Amino acid sequence: MTECVDNPAERLHGLLIDFCKAGSELGPNVSNWNAWARALTYEETPLVTDSAEFFARLSAAMMLPQQVRQAVGAVVSDPEQQEYMLRPLAGVEAALLASVQAGHQVSHVWQHFSKDGDADSSAAIYSLLGCAHELRRAQVEAVLTDTDGQHLTTMINDLIEAVLASELNEADKQFLLTRLNDKLAAVQQARLRGRYALETTTDAAYGALTRRPNLIQRLRDAQLLNRLADLFTKFNTALALTGQTVELSETTVHMLERGLGN
């Protein structure tokens, strides 16, 4: 896996480009929510504009400008440099504020940060790229690649089907399905929320399992334990920085063997 940046400036930069592309494809006079739904769709099933998931993702998008300000403030000490880097962000914030109302057309949102949806000529989008480079120099983190995301999605869906088809009791099934669906959502939204949700859902599921030794035995009996351990390993290695994947993979396997009693 290549080293790449995973920070709010990079995520907001990519999101605005996707929004401009979606608006151009749908037309400037459609509801901005239709364009956001397309830009925020990370799985095969299109996101529905009046769904709870749509509002959750749009809310997460609206938090990104403030996250950019906080991240830049933490790594850029010169106030004048901060102001220079973040000045175009005001237009993005105005665009997101305008997106609260479904009745606003795409063109109404565009006017705040991009002329007619032209991402290449947008000062705000260009500025975000500069912020992303500045944050990259401060800290490089691995982001989930599309290939890893597709692989993890397949692994999780296959495991969900295996759990449903198993002879585990309903309480055990519900416990596992809840954790697996949380991980699936984190994978599908990695381009919006970054690696934090991936790490927290993995850590939470691992901790919950290690506190249930009886369930671990039932998973072993149902021939699901090794598949679950493989999923944990894939999550951890997918998020490791270049040059650390082998070491992390070996460490993860040893931890799972001890912690899950494999």
Side-chain angles (χ1 to χ4, degrees), residues 6-68 88-122 124-126 128-129 132 143-154 156-157 160 180-198 200-201:
D6 174 38
N7 59 56
E10 179 76 10
R11 295 197 293 275
L12 184 54
H13 175 266
L15 180 60
L16 292 177
I17 290 176
D18 289 342
F19 177 73
C20 288
K21 179 181 178 182
S24 297
E25 293 171 347
L26 295 171
N29 297 324
V30 302
S31 167
N32 76 90
W33 281 13
N34 291 334
W36 280 121
R38 180 171 293 192
L40 293 168
T41 294
Y42 306 128
E43 55 273 357
E44 293 181 1
T45 305
L47 195 60
V48 180
T49 55
D50 60 353
S51 65
E53 185 62 24
F54 169 75
F55 292 121
R57 295 188 189 185
L58 186 58
S59 297
M62 291 181 175
M63 295 172 62
L64 285 172
Q66 182 59 29
Q67 294 172 9
V68 172
L89 200 59
V92 177
E93 291 170 323
L96 290 170
L97 184 61
S99 300
V100 171
Q101 298 186 32
H104 286 162
Q105 299 174 339
V106 168
S107 57
H108 180 79
V109 177
W110 276 346
Q111 69 179 345
H112 295 287
F113 74 95
S114 173
K115 179 176 174 58
D116 299 326
D118 184 4
D120 291 337
S121 64
S122 169
I125 292 178
Y126 182 79
L128 283 169
L129 190 59
V143 68
L144 196 68
T145 65
D146 289 341
T147 299
D148 284 334
Q150 293 168 2
H151 189 186
L152 284 168
T153 297
T154 299
I156 295 170
N157 283 329
I160 286 175
L180 290 172
N181 281 315
D182 287 345
K183 292 170 76 65
L184 184 61
V187 170
Q188 292 171 341
Q189 298 181 37
R191 282 186 291 171
L192 176 62
R193 301 179 187 273
R195 60 184 286 133
Y196 177 74
L198 295 166
T200 53
T201 55

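Side chains included, hydrogens not; waters and symmetry mates left out as well; all remaining heavy atoms used. Computed from a predicted model, the values in this text were never measured in an experiment.
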Indicate the atoms forming the closest heavy-atom contact of [X] with [Y], along with that distance.
X	Y	value
Val106	Gly23	CG1-CA, 3.9 Å
His13	Ile125	CD2-O, 3.1 Å
Phe54	Ala37	CE1-N, 3.7 Å
Ala132	Ala9	N-CB, 3.7 Å
Leu47	Arg57	CD2-CD, 3.9 Å
Ile156	Leu180	CG2-O, 3.6 Å

Nearest 0.5 Å, what's the [atom1]-[atom2] distance between [X] and [Y]?
X	Y	atom1	atom2	result
Gln66	Glu93	CD	CD	7.0 Å
Gln101	Trp33	CD	CH2	9.0 Å
Asp120	Cys20	CG	SG	9.5 Å
Leu129	Ile17	CG	CD1	8.0 Å
Leu198	Lys183	CG	NZ	8.0 Å

Original post:
Within a radius of less than 6.0 Å around OH of Tyr126, do more than 12 heavy atoms belonging to other residues, nucleotides or ligands occur?
Top reply: no
Original post:
For atom CE of Met62, is the number of surrounding heavy atoms from other residues, nucleotides or ligands below 6.0 Å larger than 12?
Top reply: yes
Any side-chain to backbone donor/acceptor pair from [X] onto [Y]? Under 3.5 Å, distance only.
X	Y	value
Asp116	Asp118	no
Thr41	Pro46	no
Ser31	Ala102	yes
Thr49	Asn34	no
Ser114	Trp110	no
Ser99	Ala95	yes

**OP:** Side-chain contact test, heavy atoms from C-beta onward, threshold under 4.5 Å: evaluate it for Leu12 versus Pro65 and give yes or no.
**Re:** yes
Original post:
Would you say the side chain of Leu184 lies within less than 4.5 Å of the side chain of Leu152, judging by non-hydrogen atoms?
Top reply: no
**OP:** Evaluate side-chain contact (heavy atoms from CB on, under 4.5 Å) for Leu96 paired with Trp36, printing each intermediate quantity in order.
**Re:** CA-CA 10 Å; Leu96 290 170; Trp36 280 121; 3.7 Å; yes
**OP:** Using the side-chain contact (heavy atoms from CB on, under 4.5 Å) rule, take Leu40 and Leu15 through it: C-alpha gap first, then chi angles, then the decisive distance, then the call.
**Re:** CA-CA 8 Å; Leu40 293 168; Leu15 180 60; 3.6 Å; yes
Subject >> side-chain contact (heavy atoms from CB on, under 4.5 Å) between His108 and Asn32, intermediate numbers included >> reply: CA-CA 8 Å; His108 180 79; Asn32 76 90; over 6 Å; no
**OP:** Begin with the C-alpha distance, continue with both residues' side-chain angles, and end with the deciding distance and a verdict on side-chain contact (heavy atoms from CB on, under 4.5 Å) for Leu58 and Val100.
**Re:** CA-CA 9 Å; Leu58 186 58; Val100 171; over 6 Å; no
